[in-house]
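Residue numbers begin at 1 in each chain, while the letters A, B, ... track the order of the sequences. The structure displayed is predicted, hence computed values, not measured ones. Just so it is clear, the values below take in all heavy atoms, side chains as well, and ignore hydrogens, waters and symmetry mates.
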Amino acid sequence: MKKRTHTCGELTKNDVSKSVVLNGWINTVRLHGQVVFVDLRDRYGKTQLVFNADTYPGDFDAVKKLSIEDVISISGTVQPRADEAVNPGMFTGEIEVAVNSLVILNETEPLPFVITDRESASEDFRLKYRYLELRTEELQKNMITRHRAYQAVRSYLTNEQFIEVETPVLMKSTPEGARDYLVPSRIHNGKFFALPQSPQTYKQLLMISGFDRYFQIVKCFRDEDLRADRQPEFTQIDLEMSFVDEQDIYALGEGLTGSVFKEVLGVSLPQKFPVMTYNEAMDTYGTDKPDLRFELQLKDVKPFTDASDFNAFKSAETVKGLVLPGMQYSRKIIDQMTDFVKQYGAKGLAWMKAENGVLSGGISKFLSEDLQQKLRNELEINDGDMIFMIGDAKETVLQSTGALRNEIARRENLAKESDFKPLWVVDFPMFEWDEDDKRFIAMHHPFTAPKNEDIDKLTSDPKNVISRGYDLVINGYEVAGGSIRIHERDLQSKVFKLLGISKEEADQKFGFLLNAFRYGAPPHGGIAFGFDRLVMLLAGTHNIRDVIAFPKTTSAMSLMDESPSPVSNTQLDELGIVLKGRD
RNA sequence: GGGAUCGUAGUUCAGUUGGUUAGAACGCCGGCCUGUCAAGCCGGAGGUCGCGAGUUCGAGUCUCGUCGGUCCCGCCA
């Protein structure tokens, strides 16, 4: 193999008459009998090669046999193209390389799908041959975007005095939170490590060690079901700071996010991100991660439906309305929308259309003309608009109306892809009541500090304790989340107790952390970014698999290497594991 | 755990109320072709209709089960 003098993406008119060596993959072959064109590709670009039977000194029959995705090495001379042969769509389109020597480094077998077109094969096929799919321009671009994001993060945080520290991948399994991936210990038969759901406890211990500002770009593992934006192993930008409050974290998060968007996309985010409370987000958008690229706010219409003759909503805890300006859907689409909201537990979808100064259709006949006018004025409903309404238990109404809001935005293309609207969501409740287990569970995690003024409520009124947690939301994605932590042993014990974790269990599972709090724990707090989701936004995709080199399917399998897979009895014996089999 | 949807040449798809020999495009193989850039033209090979039952004189088509992909609910501190 001759070593390349240039990549396939750099030769221009300025290189004409140079002797060059190029290595790469054959992107396309255009065979014209006595002249053969080949587009040679590497990750830097494509260059057209010409084999001319009159001048090519080698075996021309071998040239005719070249096929797509063969790996070759050529040497030749750069020559200008005739004016009419210039390809303006190609960076190297003004030149071509007249080949005088060809070495076939690796001949390819017929491909399972067309490399140049990602859409040419279904996803399971592309995942099985992921190394081929990764040759596509789109995925190459995404991986480069991801690389640039890593670098932007490291450079920004290093400038801000952060220290990168690696924490263990084999750690203690702890209660609370997501299901752990377990790793059996051979040396300690019958005992298990867990893979980290996040390096949470380690980073707190690093604060106690005095590192003051820590970060890590780190793999995390959660054995839960997948989604378009969720993989069982994913990457976090994990960071923690000492002697800080919420304002310091917001400033850092804004600086880091802004810097990444600037470095990778050249996009300027606002210097300060708006802040919204959890209650306001739920009440106005029906979600704790609202997409602020479009309006469509949820409105309280309970007073109006209560005053109407429409009885179905009378007993509903909450009734929310969504006014669609300038949109009136057909019966068919309304039926589709009704099916859509039923997925979220709504029993139905009430609607009315505004025309000729009144409301019509749907449940309008249950509203007096006077009530209709009041509703139109209050919610600013104009002719040509329509309103959807859902009434039910508060949680159901918010969730289904919030989902409907997103669905309408999707159908109507209300959100511009190039638009980025970051938002801090704050003042989360500290606890959620778990009906199944009849106990409180931490909404964020059990190390999150309560608001100082709510500490007394921990005993008197735990349901209404507000935490010092915060989420960073961009375009409807939860991009980061964190909190100011508890750094006092007593308070931490109190919270464990509230979560129904006995003193014995707390000592057994979190004793190391509680002990550490005895020896000079600084006040600290931090945040963790879902790195893959951040890259999704940067890459302009809605699928996390598009930004992960070797992702898993919805059923958490790797189709390429067919993992997970059975292991030998010898391996199981060593670990002292006997498979019980499932019912 | 649940819902929706998909599975037919190597690949992407079509395939009528269940009815003769399951089609097309791209790819592959062979031939022609000296300026293409999604090259073109001619010819050819290529199918366990995901798998397994069932209904039927007859199933790619209908029913049930099962496996796999995708999206969603639950779940994801």
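Judged as a salt bridge (Lys or Arg N to Asp or Glu O under 4.0 Å), and not counting sequence neighbours, K463(A) has no contacts. F431(A) pairs by the ring-ring contact (aromatic ring centres under 6.0 Å, His included) definition with F440(A), not counting sequence neighbours. Scanning for side-chain hydrogen bond (donor to acceptor under 3.5 Å, both in side chains) contacts around Q216(A) gives T167(A), Y214(A), with sequence neighbours left out. For K451(A), the side-chain hydrogen bond (donor to acceptor under 3.5 Å, both in side chains) partners two or more places apart in sequence, or in a different chain, are D427(A). The ring-ring contact (aromatic ring centres under 6.0 Å, His included) check on F512(A) picks up nothing, with sequence neighbours excluded.
Only the C1' atoms considered, A9(B) is 10 Å distant from A22(B), to the nearest whole Å. For the P atom pair drawn from G43(B) and G60(B), the interatomic distance equals 31 Å after rounding to whole Å. A distance of about 11 Å separates the C1' atoms of G23(B) and G47(B), rounded to the whole Å. Rounded to whole Å, the separation between the C1' atoms of U21(B) and G65(B) comes to 32 Å. Rounded to the nearest Å, the gap between the C1' atom of U20(B) and that of G54(B) is 25 Å. Annotation: G3(B) and A39(B) have their P atoms spaced 47 Å apart (nearest Å). The separation of A59(B) from U63(B), taken at their P atoms, amounts to 16 Å, rounded to a whole angstrom. Rounded to the nearest Å, the gap between the P atom of G46(B) and that of U70(B) is 33 Å.
Taking the six-membered ring for Trp and the full ring otherwise, F510(A) and F496(A) have centroids separated by under 6.0 Å.
Judged by Watson-Crick or G-U wobble contacts below 3.5 Å, the nucleotide A24(B) has U12(B) as its partner. Judged by Watson-Crick or G-U wobble contacts below 3.5 Å, the nucleotide G40(B) has C32(B) as its partner. A45(B): no Watson-Crick or G-U partner with both key distances under 3.5 Å is found in any strand. Across all strands shown, C51(B) forms a Watson-Crick or G-U wobble pair with G65(B), both key distances being under 3.5 Å.
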Contact list (N/O, under 3.5 angstrom) for nucleotides 38-47 of chain B vs protein:
from: A39(B); atom 1: N7; to: L31(A); atom 2: O; distance (Å): 3.2
from: A39(B); atom 1: N6; to: L31(A); atom 2: O; distance (Å): 2.5

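Among the protein residues, A178(A) comes within range of the sugar-phosphate backbone only, with heavy atoms under 4.0 Å from sugar or phosphate atoms but none that close to a base. At a threshold of 4.0 angstrom between heavy atoms, the contacts of D339(A) with the nucleic acid are absent. Nucleic acid contact class of P446(A) (heavy atoms, under 4.0 Å, all strands): base.
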Derivation and outcome, salt bridge (charged side-chain N to carboxylate O under 4.0 Å, His left out), residues R439(A) and E176(A): CA-CA 12 Å; R439(A) 68 169 188 114; E176(A) 303 292 304; 3.2 Å; yes
Please set out all donor-acceptor pairs under 3.5 angstrom arising from side-chain atoms of residues 31-46 of chain A, sequence neighbours excluded.
from: D39(A); atom 1: OD1; to: R30(A); atom 2: NH2; distance (Å): 3.2
from: D39(A); atom 1: OD2; to: T28(A); atom 2: OG1; distance (Å): 3.0
from: D39(A); atom 1: OD2; to: R30(A); atom 2: NH1; distance (Å): 3.2
from: R41(A); atom 1: NH1; to: N27(A); atom 2: OD1; distance (Å): 2.9
from: R41(A); atom 1: NH1; to: E69(A); atom 2: OE2; distance (Å): 2.8
from: R41(A); atom 1: NH2; to: E69(A); atom 2: OE1; distance (Å): 3.0
from: D42(A); atom 1: OD1; to: C8(A); atom 2: N; distance (Å): 3.4
from: D42(A); atom 1: OD1; to: Y44(A); atom 2: N; distance (Å): 2.8
from: D42(A); atom 1: OD1; to: G45(A); atom 2: N; distance (Å): 3.3
from: D42(A); atom 1: OD2; to: C8(A); atom 2: N; distance (Å): 2.8

Enumerate, atom names and distances included, each donor-acceptor pair closer than 3.5 Å involving a side-chain atom of residues 498-505 of chain A, sequence neighbours excluded.
from: S502(A); atom 1: OG; to: E505(A); atom 2: N; distance (Å): 3.0
from: K503(A); atom 1: NZ; to: D507(A); atom 2: OD2; distance (Å): 3.3

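Look at CD on Q236(A): it is 12 Å from C1' on C76(B), rounded to the nearest Å. Between the NZ atom of K128(A) and the C1' atom of G7(B) there is a distance of 15 Å, rounded to whole Å. Regarding F51(A), its CZ atom lies at a distance of 15 Å from the C1' atom of C37(B), rounded to whole Å. Spacing between atom CD of E107(A) and atom C1' of C28(B) amounts to 14 Å, rounded to whole angstrom units. Atom CD in E109(A) sits roughly 15 Å away from atom C1' in G27(B) (whole-Å rounding). If you take CD of E407(A) and C1' of A4(B), they are 13 Å apart, rounded to a whole angstrom. Atom CG in L111(A) sits roughly 8 Å away from atom P in C28(B) (whole-Å rounding). Rounded to whole Å, atom P of A4(B) lies 16 Å from atom CD of Q336(A).
Between Y131(A) and Y129(A), the angle of the ring planes goes over 60°, which puts this pair in the perpendicular group of the 30/60° scheme.
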Any chance you could list the contact pattern along nucleotides 66-75 of chain B? Use B for base contacts, S for sugar-phosphate-only contacts and - for none, protein heavy atoms under 4.0 Å, 5' to 3'. --SSSSSBBB
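By the 4.0 Å N-to-carboxylate-O rule, E123(A) lies close enough to R545(A) to be salt-bridged with it.
The stacking criteria are not both satisfied for F113(A) over the base of U11(B), which would need a centre-to-centre distance under 5.5 angstrom and an angle between ring planes under 30 degrees.
Between Q48(A) and P112(A), the residue anchored closer to the 5' end of RNA chain B is P112(A), taking for each the nucleotide with the nearest heavy atom.
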